[in-house]
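Below is one structure, written out as structure tokens, with a few remarks after it.
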Amino acid sequence: MSRTTGESNRAHIGRFAPSPTGRMHAGNVLAALVAWLEARCSGGEVVLRIEDLDTERSRREHADALQRDFEYLGLHWDIGPIYQSERVEAYQEALSRLERQGLTYPCFCTRADIHAASAPHAGEKPVYAGTCRRLSADERAHKLPQGSAALRLAVPGRVIAFTDCLQGAFTQDLPSECGDFIVQRSDGNYAYQLAVVVDDAEQGIGSVVRACDLLGSTPQQIYLQELLGYGRPEYCHVPLLVDTTGRRLSKRNRDADMEALSARFKTPEALIGHIAALAGLIAPGEHANPQELTSLYSRTPLKGVSQILWA
Ligand code: GLU
């Protein structure tokens with residue numbers, strides 16, 4: 001097995017970027033372990049970034065618990081914690097640059113308007129039909145005082161293609177598969193897509209490791225990087241852990257949250273060992289700490305795997 005992680009052997013900064021909306025669960029542990037190993041095996045550092053822009057759902061006590069959980073697991077970081085809620089000037093500056101390029105427009109549509117206009121297939125996220133992009137200056141001026149608007153980024157006719165280190169080639173046609181997307185919500189909060197791109201660039205992140213559910217967001221982020229003149233990090237989308245019904249583990253699965261995991265596995269080495277075995281790095285039943293796994297880490301067992309059954 002190779003010790004180095006990528007095609008290049010340069011040290012790259014990695015990151016943990018949890019949203020403090022609940023306790024960590026097994027899927028987060030897998031993503032964090034791979035993020036940590038990718039950075040450490042390249043000789044690089046790890047940033048801890050708390051993604052707390054969603055003021056309704058984020059809680060300081062969850063942010064504190066996440067940090068204790070990383071420490072307990074031996075997933076130590078070097079830089080941070082950096083709170084997104086303290087970086088709004090940076091997001092506003094990037095947003096102003098997009099506005100000056102004439103690429104954003106206010107959107108007054110409600111969720112129901114968007115659904116009605118786009119006729120999505122069951123379970124699919126609707127692609128915004130561009131309704132508010134076509135408003136005249138007069139119509140906009142008339143609507144603006146009536147309530148708060150979101151800001152959307154107008155996407156061009158472009159296909160974005162990239163190669164994910166684990167999932168391989170991925171392409172997305174921006175207009176038909178993504179549509180004009182929100183960069184600032186109607187409540188004034190900066191959108192995840194904008195904040196993550198600004199942060200990854202300004203924090204020098206070379207390797208973005210996260211769960212596969214964000215694979216489809218990556219083209220939007222790549223497009224924003226291009227508009228803002230940022231470089232592109234490498235992307236590694238790790239498999240989702242799913243339950244026996246095929247649904248991804250989430251904060252709903254209480255048996256897979258840190259409280260249940262530490263009760264079941266008793267020691268951090270048993271838990272990390274279990275996760276590392278699911279990732280194909282060691283044999284089932286072995287115990288390990290993250291440091292010991294650096295000599296065993298390889299992307300190979302995770303390549304092309306988008307789901308792993310949690311058991
Ligand atoms: N904050 C996101 C989450 O907790 C991860 C975002 C990212 O890694 O880009 O799911």
Side-chain angles (χ1 to χ4, degrees), residues 12-39 46-67 69-70 73 75 77 79-87 90-91 94 125 162 164-167 170 178 181-183 185 189-225 228 230 232-242 247-253 256-258 306:
H12 49 231
I13 301 179
R15 44 54 153 208
F16 303 144
S19 303
T21 54
R23 208 66 205 272
M24 192 178 309
H25 64 75
N28 306 133
V29 178
L30 173 62
L33 177 62
V34 176
W36 191 92
L37 288 167
E38 283 280 336
V46 176
V47 171
L48 171 62
R49 180 166 81 224
I50 305 290
E51 301 208 325
D52 59 348
L53 282 181
D54 185 338
T55 41
E56 296 248 299
R57 296 172 61 225
S58 299
R59 298 273 179 280
R60 187 61 189 232
E61 60 266 28
H62 291 316
D64 295 343
L66 286 163
Q67 290 174 65
D69 293 340
F70 285 127
L73 292 167
L75 295 169
W77 63 93
I79 301 159
I82 300 171
Y83 290 85
Q84 286 192 321
S85 56
E86 293 171 7
R87 287 188 34 76
Y91 311 138
K125 207 170 141 248
F162 74 102
D164 187 80
C165 300
L166 297 178
Q167 304 302 323
F170 188 83
C178 168
F181 59 90
I182 290 184
V183 283
R185 293 169 17 171
N189 281 329
Y190 298 92
Y192 156 72
Q193 307 293 0
L194 179 73
V196 79
V197 163
V198 172
D199 283 346
D200 285 339
E202 292 194 2
Q203 291 155 16
I205 306 299
S207 164
V208 170
V209 180
R210 58 190 177 197
C212 256
D213 53 337
L214 288 168
L215 188 59
S217 283
T218 308
Q220 292 163 65
Q221 296 175 17
I222 289 173
Y223 181 54
L224 279 171
Q225 283 154 7
L228 293 166
Y230 298 144
R232 188 189 298 186
E234 76 179 12
Y235 287 97
C236 289
H237 285 87
V238 305
L240 288 176
L241 295 187
V242 295
R247 288 212 305 178
R248 67 178 281 240
L249 292 189
S250 72
K251 287 159 187 153
R252 283 187 318 268
N253 301 82
D257 79 12
M258 272 306 283
S306 59

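Just follow the structure's listing: the first ligand is 1, and inside any ligand the first atom is 1. What you see is a predicted model; the values in this text were computed from it and never measured.
- Of all protein heavy atoms, the one lying nearest to atom 6 (C) of ligand 1 is Glu51 OE1, 3.3 Å.
- Here the CZ atom belonging to Phe70 is positioned 4.0 Å from the CE atom belonging to Met24, to the nearest 0.5 angstrom.
- The shortest N or O to N or O distance between Ala17 and ligand 1 is below 3.5 Å.
- Using a non-hydrogen distance threshold of 4.0 Å, Arg15 registers as a contact of ligand 1.
- Remark: minimum distance from atom 10 (O) of ligand 1 to any protein heavy atom is reached at Ser19 OG, 4.4 Å.
- Heavy atoms of Leu214 found under 4.0 angstrom from ligand 1 belong exclusively to the side chain.
- Note that CD of Gln193 is 8.0 Å distant from CG of Leu214, once rounded to the nearest 0.5 Å.
- Judged by a 6.0 Å distance limit and a 45° cone about the ring axis, Arg87 is not positioned over the six-membered ring of Tyr190.
- Atoms of ligand 1 found under 4.0 Å from any heavy atom of Arg210 (numbered from 1 in listed order, with element): 7 (C), 8 (O), 9 (O).
- The proximity of Pro18 to ligand 1, defined as any non-hydrogen pair under 4.0 Å, is limited to the backbone.
- Side-chain atoms of Asn28 come within 3.5 Å of backbone atoms of His25 as a donor-acceptor pair (strictly under, hydrogens ignored).
- Here is the list of ligand 1 atoms found below 4.0 Å of a heavy atom in Tyr192: 6 (C), 7 (C), 9 (O).
- Proximity to Val196 (heavy-atom distance under 4.0 Å) selects the following atoms of ligand 1: 9 (O).
- Between the side chains of Arg49 and Gln203, at least one donor N or O lies within less than 3.5 Å of an accepting N or O.
- Checking Arg210 against Thr218 by side-chain atom types alone, a donor-acceptor pair falls below 3.5 Å.
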